[in-house]
Asker: 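Have a look at this one before I ask anything.
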Amino acid sequence: MKRLLIGTALVGMTTAGSAMADAHGTSACLITKTDTNPFFVKMREGAEATAAELGITLNSYAGQIDGDNEAQVAAIETCIANGASGILITASDTAAIVPSVEAAREAGLLVIALDTPLDPIDAADATFATDNFLAGELIGQWAAGALGDAAADAKIAMLDLAISQPTVGVLRDQGFLQGFGIDLGDPSRWGDETDERIICNEVTAGNEEGGRTAMENCLAIDPDINVVYTINEPAASGAYEALVAVGRQEDVLIVSVDGGCPGVADVADGVIGATSQQYPLLMASLGIEAIAAYAADGTLPENTEGKEFFDTGVALVTDQPVDGVESISVEEGTDLCWG
């Protein structure tokens, strides 16, 4: 099989070239965690646009909630039965889905993980994703820099994704902690750190209601929490609501990951101090191009040099830059946002 090195991440959204010209008759599947989160909505838009451009039939599937592994297993089985050439998947349970992914690959389908690496990462043929550890590290560095000397006495709430600890949640959590200057335990897990500044680890299911409940639980443990890490911007919005309810919204620093337009607007409004922006439309568009190339002549995508995945880019968005931490402004983030 050939290897396909897909162009530089943020300028890579070009047509796929002659290797993909014969994609007519090819079908692909997109399987997301849900079909309501704006991140996955934008991912589907990117996949649909590129599939239409290349003449590929696209079938989309999603779980009912984040963590709905059974629905994703059923979707993979359907894609195999329908003779799809490839699958793009954001896995809800990055370990439990592996046997189904292996079955798809054994049946001859190209499987590409989007955004969320599988566990292990090489269970998929390729991964197109944000460097999620770096995304977390950037907001951790920014939070520590924004606090200055007060970071040594911070009280931190960690609002994570799910008890099953999918890789995307672990990477962002651990990246944040390292960026903030906290020693990690097992970097493949969250919640085993011993630093007394960490007050709680609560799960949010990546949505607003979950973020609000998780924040309420953390405040019940220590009402003086002053730093909140959130797995994504919907969870950050819920956390902010809980803080407003107790009059703490002005003196707590919230950081997050996503870079959707509502999240960037929350940075502009002071709800979120900084967020790491990722690019779901690009992930999905490149994924469809890779399936087209594979269907044409067996070409496989290549990783970004020095990484185990193809890096689709990340940028820290804030209007309160910190020395030594590279960032873009809210205006720039608005030009690049989605949702």
Side-chain angles (χ1 to χ4, degrees), residues 8-14 30 32-50 62 66 88 90 114-116 128-132 134-143 146 159 161 168 171-172 175-176 204 206-208 211 228-241 253-288 310-322 325-339:
T8 304
L10 293 180
V11 295
M13 294 181 65
T14 59
L30 174 67
T32 55
K33 297 177 184 179
T34 71
D35 59 7
T36 55
N37 186 313
F39 183 85
F40 302 123
V41 172
K42 183 57 63 173
M43 187 175 281
R44 187 170 66 247
E45 289 176 6
E48 288 172 346
T50 304
D66 200 318
L88 307 177
T90 58
L114 299 184
D115 176 57
T116 304
F128 292 173
T130 306
D131 187 332
N132 282 295
L134 176 60
E137 190 172 33
L138 286 170
I139 56 175
Q141 291 171 342
W142 181 87
L159 304 194
L161 182 55
V168 64
L171 289 166
R172 293 180 187 180
F176 167 82
T204 65
N207 60 48
E208 188 171 333
V228 181
Y229 155 85
T230 59
I231 180 64
N232 63 10
E233 290 156 2
S237 180
Y240 184 77
E241 293 173 7
L253 195 63
I254 301 177
V255 293
S256 197
V257 178
D258 261 355
C261 295
V264 173
D266 278 346
V267 176
D269 293 340
V271 173
I272 300 172
T275 192
S276 285
Q277 187 172 64
Q278 50 185 346
Y279 304 102
L281 187 148
L282 179 62
M283 294 177 198
S285 297
L286 294 176
I288 291 294
F310 184 85
D311 187 351
T312 54
V314 64
L316 182 73
V317 180
T318 184
D319 273 343
Q320 303 173 60
V322 166
V325 184
E326 187 174 352
S327 63
I328 63 175
S329 67
V330 167
E331 182 179 0
E332 292 171 294
T334 300
D335 289 340
L336 295 169
C337 73
W338 39 267

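Numbering of residues begins at 1 and proceeds along the displayed sequence.
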Asker: Report the C-alpha distance between Tyr279 and Leu286 in whole Å, list the side-chain angles of each, state the deciding distance to 0.1 Å, and finish with yes or no for side chain to side chain contact (heavy atoms under 4.5 Å, CB included).
Answerer: CA-CA 11 Å; Tyr279 304 102; Leu286 294 176; over 6 Å; no
Asker: Would you check if the side chain of Thr275 reaches a backbone N or O of Ser256 as a donor-acceptor pair within less than 3.5 Å?
Answerer: yes
Asker: Just by distance, do the side chain of Asn37 and the backbone of Phe39 share a donor-acceptor pair under 3.5 Å?
Answerer: yes
Asker: If you look at every heavy atom in Ile328 and Ala315, which pair is closest and at what distance?
Answerer: CD1-CB, 3.9 Å
Asker: Atom CD1 of Ile254 and atom OG of Ser237: how far apart are they, to the nearest 0.5 Å?
Answerer: 8.5 Å
Asker: Is a donor on one side and an acceptor on the other found under 3.5 Å between the side chain of Thr230 and the backbone of Val255?
Answerer: yes
Asker: Indicate the atoms forming the closest heavy-atom contact of Val267 with Thr318, along with that distance.
Answerer: CG1-CA, 4.0 Å
Asker: If we ignore hydrogens and angles and just use 3.5 Å, is the side chain of Asp319 paired with the main-chain N or O of Val330 as donor and acceptor?
Answerer: yes
Asker: Does Glu233 use its side chain to pair, donor to acceptor, with the backbone of Gly260 at less than 3.5 Å?
Answerer: yes
Asker: Which residues pass the salt bridge (Lys or Arg N to Asp or Glu O under 4.0 Å) test with Asp115, not counting sequence neighbours?
Answerer: Arg172
Asker: Do Gln278 and Asn132 have side chains that approach each other closer than 4.5 Å (heavy atoms only, starting at C-beta)?
Answerer: yes
Asker: Could you check whether Asp258 and Gln277, counting side-chain N and O atoms only, form a donor-acceptor pair closer than 3.5 Å?
Answerer: no
